[in-house]
Colleague: 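This is the structure, below, for whatever I ask next.
Scope of the values below: all heavy atoms of this structure, side chains included, with no hydrogens, waters or symmetry mates.
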Amino acid sequence: MAPKLGLLPPQAYMASELEKLYKEYDVTQIPAEEGNWSEEHVNSLVEFCKKNEIPSVVGFAQKDAWHHALINAGLGNVTIAPHAYLVAMNKYMQRTIEEEPFWFQPIDPNVESNDEMWDKIPKEEIPFMLKNTSLSLGRGVFCIRTREDFDEIIDLYKGDEKLRGEIKETNDAIISRMDDETKASLGPVPPFLAEHRIDLSKDWVEYCYEGCITEEGELIHYAMTEEVYFEDHQSLVYVTPPMSYPAKFIPELEAYVTGYMKGLIARGYKRQFFNIELWANFSSGKPEFAFCEINPRCAHTYHYGYKYVYNTNLYGDNFNLVLDNKKPENTPWSQWLTGATGFCTEILLTAKQVGKVSEILNYEYIDELEKSGKVKLIRHVKDRNYEFTADDSKSFAGATMLQIWIVTETAAEAAKIEMDIRKNAYTSDLGWLYPTWWQALILED
């Protein structure tokens with residue numbers, strides 16, 4: 001008999017991959033209401049699971065992460081404790097458990113004036129990064145160069161009663177489930193974080209590390225993906241395995257992640273995947289690391305990169321960890337360690353301008369490409385009729401319209417195909433400022 005499992009509503013693009021797992025598991029969709037973490041609603045979901053003899057529940061997306069923890073706890077399973085979840089969801093709290101953090105400062109417009117907050121920023125740290133502590137990187141990250149930049153973002157927040165209410169509701173839903181001793185130990189939980197700006201022109205490279213923690217608190221290294229950006233930090237591609245991370249420095253990476261996760265495991269992070277955005281710099285001859293953020297879930301879109309180059313199954317590994325506390329065995333990390341060849345490149349077509357998606361992208365070309373079989377998959381993140389607003393255009397890395405996956409034997413081949421697709425996929429030349437090393441790859445082909 002197939003093992004029973006509950007699944008929080010997955011995103012549509014995951015359907016074909018999940019269909020394969022439905023043949024191995026007896027999966028029931030859990031009728032969770034997004035953003036509703038009330039005791040009444042959570043208890044009704046727990047009772048739904050008990051009635052249908054569902055022992056465990058899996059959620060893949062950020063929107064599902066708290067329901068994942070609450071329902072599993074209600075079913076008597078070891079899962080993420082509220083304290084650990086708050087740290088993993090709040091960008092300020094994440095910095096407080098680092099062993100050697102760079103400069104950061106809490107920013108709270110609810111209790112401080114603009115002058116008071118600005119005066120806390122050291123002059124030598126300008127320009128700096130301002131992050132909404134509760135929003136994703138794509139929506140809540142700003143590079144602040146002037147006082148005017150700062151006031152604009154803060155004043156928008158002050159004027160957005162709906163956003164402020166949603167953030168308070170989210171924090172309250174987590175903190176209310178902590179015991180009194182934990183609540184007293186928290187310190188500030190601010191809506192904004194000011195932090196040191198990593199200068200990407202000085203050889204810093206961004207990566208996404210993926211791992212999981214067992215019920216016993218054991219850290220399992222799962223995968224590593226390189227995130228490549230244009231010179232203005234607009235998204236370019238994600239590549240698995242990383243092209244630029246030297247394999248000889250994998251032990252240092254393992255030690256760095258282990259050191260960070262020690263603090264989160266101690267706060268109760270158990271039996272769940274996670275991913276960490278981080279930077280590394282090798283200019284001194286050995287890796288120097290800088291923390292960006294952690295997410296309390298798997299990096300679900302990277303399933304495809306892992307699958308296409310290593311034939312692994314991130315979704316299935318999530319199922320097994322939550323259902324049976326089973327550690328993943330055949331992982332992208334283990335294959336990276338043994339020197340498996342090939343790259344899966346996720347090409348990101350993004351926009352920072354106002355206008356309809358169909359006016360920015362050439363859908364005659366894209367539709368033909370999708371039928372051609374030359375790419376593994378195209379995910380339509382935004383409908384072609386979607387119209388970008390001024391708010392969309394403020395996304396630091398660009399608002400994603402399409403994700404396109406390709407597999408190549410060499411990095412040079414990946415760069416050549418990416419440049420060709422980007423050239424044809426847009427209706428006009430946007431003057432992309434490629435990193436020098438990416439351009440140099442095509443000369444190696």
Side-chain angles (χ1 to χ4, degrees), residues 3-15 18 21-22 25-91 93 132-136 139-140 160-180 182-183 186 189 191 213 215 264 267-274 294-298 300 315 318-319 321-323:
K4 285 194 169 187
L5 188 69
L7 180 64
L8 291 159
Q11 296 189 27
Y13 85 98
M14 303 166 68
L18 291 172
L21 289 172
Y22 295 162
Y25 301 84
D26 182 359
V27 177
T28 301
Q29 296 274 335
I30 305 299
E33 297 173 10
E34 184 175 345
N36 185 352
W37 301 297
S38 67
E39 293 284 352
E40 181 182 10
H41 182 55
V42 171
N43 288 341
S44 72
L45 297 175
V46 171
E47 288 306 311
F48 174 87
C49 291
K50 290 179 177 178
K51 181 180 178 181
N52 289 280
E53 300 181 325
I54 298 167
S56 305
V57 169
V58 172
F60 289 112
Q62 197 86 339
K63 67 179 179 62
D64 303 321
W66 191 217
H67 276 138
H68 171 112
L70 291 173
I71 299 169
N72 278 310
L75 291 170
N77 299 321
V78 173
T79 188
I80 310 173
H83 192 187
Y85 186 79
L86 180 67
V87 172
M89 279 296 289
N90 185 282
K91 293 179 179 61
M93 301 290 288
N132 187 303
T133 56
S134 300
L135 299 180
S136 68
R139 293 177 58 212
D160 194 336
E161 188 174 341
K162 182 174 182 289
L163 174 62
R164 288 188 288 111
E166 288 174 350
I167 291 173
K168 182 181 185 305
E169 186 178 339
T170 299
N171 288 340
D172 288 350
I174 304 168
I175 296 171
S176 66
R177 288 175 165 93
M178 297 179 187
D179 59 45
D180 291 341
T182 303
K183 289 178 187 176
L186 286 179
V189 186
I213 308 296
E215 183 172 314
L264 204 54
R267 288 163 175 80
Y269 201 99
K270 303 285 178 67
R271 207 160 162 178
Q272 172 62 305
F273 274 75
F274 67 92
I294 183 170
N295 294 292
R297 57 171 175 81
C298 71
H300 52 83
Y315 301 157
N318 270 259
F319 280 14
L321 178 68
V322 172
L323 189 61

Colleague: Taking all non-hydrogen atoms of both residues into account, name the closest pair between D64 and P9 and its distance.
Modeller: OD2-O, 3.5 Å
Colleague: In chain order, what residues pass the salt bridge (Lys or Arg N to Asp or Glu O under 4.0 Å) check against E215, with sequence neighbours excluded?
Modeller: R271
Colleague: Measuring only between side-chain heavy atoms, which start at C-beta, is I30 closer than 4.5 Å to L45?
Modeller: yes
Colleague: With a 4.5 Å limit on heavy-atom distance, are the side chains of Q272 and I213 in contact?
Modeller: no
Colleague: Output all residues satisfying side chain to side chain donor-acceptor pair (under 3.5 Å) with K168, sequence neighbours left out; order by chain, then residue number.
Modeller: D172
Colleague: Which heavy atom in Y315 sits nearest to a heavy atom in H300, and how many Å separate them?
Modeller: OH-O, 3.0 Å
Colleague: Once side chain to side chain donor-acceptor pair (under 3.5 Å) is applied, do any residues pair with Y25, and if so which ones, sequence neighbours excluded?
Modeller: N320
Colleague: For a side chain to side chain contact (heavy atoms under 4.5 Å, CB included) check, start with the C-alpha distance between K4 and T28, then their side-chain angles and the critical distance, and finish with the verdict.
Modeller: CA-CA 8 Å; K4 285 194 169 187; T28 301; over 6 Å; no
Colleague: Using atom types as modelled, flag every donor-acceptor pair under 3.5 Å from a side chain in residues 79-90 to any protein atom, sequence neighbours excluded.
Modeller:
residue : atom : partner : partner atom : Å
Y85     : OH   : W66     : N            : 3.2
N90     : OD1  : Y92     : N            : 3.0
N90     : OD1  : M93     : N            : 3.0
N90     : ND2  : T133    : OG1          : 3.2

Colleague: Which residues satisfy the side chain to side chain donor-acceptor pair (under 3.5 Å) test with Q11, sequence neighbours excluded?
Modeller: R379
Colleague: Quick one: does R297's side chain get under 4.5 Å of F273's, heavy atoms only?
Modeller: no
Colleague: Side chains of F319 and P3: closer than 4.5 Å at any heavy-atom pair?
Modeller: no
Colleague: Give me each pair satisfying side chain to side chain donor-acceptor pair (under 3.5 Å) with a member in residues 38-49, each pair once, sequence neighbours excluded.
Modeller: N36-S38
Colleague: A side-chain contact here means heavy atoms from C-beta on lying under 4.5 Å apart; do L70 and R177 qualify?
Modeller: yes
Colleague: Quick one: list whatever passes side-chain contact (heavy atoms from CB on, under 4.5 Å) with D179, sequence neighbours left out.
Modeller: E181, T182
Colleague: Are E166 and S134 close enough that some pair of their side-chain heavy atoms sits under 4.5 Å apart?
Modeller: no
Colleague: Salt bridge (Lys or Arg N to Asp or Glu O under 4.0 Å) with R267: which residues, sequence neighbours excluded?
Modeller: none
Colleague: Please tell me if the side chains of I175 and L186 come closer than 4.5 Å, counting only heavy atoms from C-beta onward.
Modeller: yes
Colleague: Show me the donor-acceptor pairs, under 3.5 Å and distance only, between side chains in residues 48-60 and residues at least two apart or in other chains.
Modeller:
residue : atom : partner : partner atom : Å
N52     : ND2  : F48     : O            : 2.7
S56     : OG   : V322    : O            : 3.4

Colleague: Restricting to side chain to side chain donor-acceptor pair (under 3.5 Å), what partner residues turn up for N295, sequence neighbours left out?
Modeller: Q62, N275, E293
Colleague: For atom CD of Q29, is the number of surrounding heavy atoms from other residues, nucleotides or ligands below 6.0 Å larger than 12?
Modeller: yes
